[in-house]
Amino acid sequence: MDDKENFARPLLETRGLSRAFGAGNRVVRAVQDVDLAVYPGEVLGLVGESGSGKSTIGRLVLRLIEPSAGDIVFEGESIAGISERKLKPFRRKAQMVFQDPFASLNPRLDVEAIIGEALDAHGLYRGARRRARIGDLLEMVGLPASAMGRYPHEFSGGQRQRIGIARALAVEPKLIVADEPVSALDVSVQAQVLNLMQELRHRLGLAMILISHDLDVVELMSDRIAVLYLGRIMEQGPAADIVAAPRHPYTRALIAASPKADPDATRVPVALTGELPSPLSPPSGCVFRTRCPHAQAVCADQVPVLRGEGAHRFACHFDLAPQSLG
Ligand code: ADP
Ligand code: MG
C-alpha cells in the first residue's frame, strides 16, 4: 500500500459520491459513484473531457451543491448533509480558485475590498492589521502591496488570477479547489500562474484539487491523478504511473491526443473513435465502451470496478498489454 494510506488520514474523502441534474427522462448523471481521497499537502489532478463531471465534483466537495448520493468527509467529519451554519469552519478551510479571473472579481470593488470581504466573512484581521495582511497576501502572489487601491479592470488576466489566488489564501485554507485555473489565460501566462500555485502549495503546505481538461497541466502539477469520463473514474494513481504506464484505454487515448505526444516516439497512438455519448443516455456497462478499441460483449453488460495494485487503479474488464511509451 501507499505509505500515505498507512500514515496519514485523508484531508478530504468522497465515498460513492454521485450527483444527478434534471428530472424525468432528462436526467444527467454528472457524477457517479466517485471515491476520491486528497491527503494533506498533496495535489490531486482531475482530468477528463468537457462534460466529464470535473466541475461538478469541485462544487460538490466544496458543498456549493448537494450530492444526490454518497458522502463527503473532511478531516474525518461528514459535510454532506450538514447545515450552512455548521459548515462555517469548513468554508474557511476549503477555498475555490475560479476559471475566469474576469467574472470572478467584483468590478466595483478595489482589491483591498475584494480580499477584505474574504477576511470579513470569517472575522479575520480586523482593524489595523487588515491592510498589512492584504499587502502581505498581494506580495505572496507576486503583486505590489500598492495594487490594493486598484480595480480589477486595471489588471491583466494573469494578474487578476493572482488576485483570485490571494483572496482564496486570505483565510489560510488547507485545501484549494482550482477549476481550470489557467484555461482562460494566454499560453505565455499559464506557466507563470501554475508555477506560482506550485510554489505556494509547497510553501504553505496546501492540498489542492486541480481540475483541468489539459493532461499536460495536470501532469505538471499533480502528485496523483484521477481520470474521469462521463462522470466516472476510469483510472487513478500516482501521476508518474498514470502518464508512463496507463492501464485504461481512455487514459491511453488522452495521452496519445496530448500535443506533447511525439509521433516519432514508440508511443502507440490510440485514436478516440466516435462522438462523446450524450450524458442523458450514457452507454450501459462501461461508459467508455462505445469509443473503446478493445470493447467486447462484457463491456455492455457489466460496469467495471476499479481494480489494480496498490494506489494505481483502473476500471477496465481487461488487462491490456503494457504500452511502450518511448
Ligand atoms: P466538466 O467540468 O468536466 O466539463 P461538468 O461537471 O460541468 O463537467 O458537467 C458534467 C455534466 O453535468 C454535463 O453533462 C453538464 O451538462 C451537466 N451539468 C452540470 N451542471 C449542471 C446543471 N446545473 N444542470 C444541469 N446539468 C448540469
Ligand atoms: Mg468544468
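Each ligand, and each atom within it, is numbered from 1 in the order the structure gives.
Taking all atoms of both residues into account, the shortest heavy-atom contact from F90 to L62 is CE2-O, 3.7 Å. Across every non-hydrogen atom of R63 and I79, the tightest pair is NH1-O, 2.8 Å. For the residue pair S55 and D179, the shortest heavy atom distance occurs at OG-OD2, 2.6 Å.
Of the N and O atoms on the side chains of Q302 and H317, not one donor lies less than 3.5 Å from an acceptor on the other residue. Side-chain polar atoms of Y250 and E49 form a donor-acceptor pair below 3.5 angstrom. No hydrogens or angles considered: a donor-acceptor pair under 3.5 Å links the side chains of T251 and E235.
At a 4.0 Å heavy-atom cut-off, ligand 1 does not touch H213 at all. Only side-chain heavy atoms of P279 come within less than 4.0 Å of ligand 1; its backbone N, CA, C and O stay farther off.
Proximity annotation for atom 6 (O) of ligand 1: of L276, T56, I65, T56 comes nearest, heavy atoms only.
What sits closest to atom 10 (C) of ligand 1 on the protein, heavy atoms only, is G51 O, 3.5 Å. The protein heavy-atom contact nearest to atom 7 (O) of ligand 1 is S55 CB, 3.8 Å. With respect to atom 22 (C) of ligand 1, the closest heavy atom belonging to the protein is F21 CD2, 3.4 Å. Distance from atom 12 (O) of ligand 1 to its nearest protein heavy atom, with residue and atom name: A30 CB, 3.2 Å.
For atom 25 (C) of ligand 1, the protein comes within 4.0 Å by at least one heavy atom. Protein heavy atoms are found less than 4.0 angstrom from atom 2 (O) of ligand 1.
A salt bridge does not link E75 with R9: none of the charged nitrogens is closer than 4.0 Å to a carboxylate oxygen. One finds no salt bridge joining D33 and R15 here, because no Lys/Arg side-chain nitrogen approaches an Asp/Glu carboxylate oxygen to under 4.0 Å.
In summary, S55 places an N/O/S atom under 2.8 Å from the Mg ion (ligand 2), meeting the contact criterion.
Residue V28 approaches ligand 1 through these ligand atoms, each under 4.0 Å from one of its heavy atoms: 12 (O), 14 (O), 17 (C). Listed by number with element, the atoms of ligand 1 under 4.0 Å from a non-hydrogen atom of S50 are 4 (O). Under a 4.0 Å criterion applied to the non-hydrogen atoms of S52, ligand 1 contributes the atoms 1 (P), 3 (O), 8 (O). Residue-ligand proximity, E49 to ligand 1, at heavy-atom distances under 4.0 Å covers atoms 3 (O).
For the atom pair R162 CZ and L138 CG, the distance stands at 11.5 Å (nearest 0.5 Å).
A 4.5 Å side-chain heavy-atom check between L119 and I134 finds at least one atom pair inside the cut-off.
Backbone and side-chain nitrogen or oxygen atoms of G53 are examined, and one is located within less than 3.5 angstrom of a nitrogen or oxygen of ligand 1.
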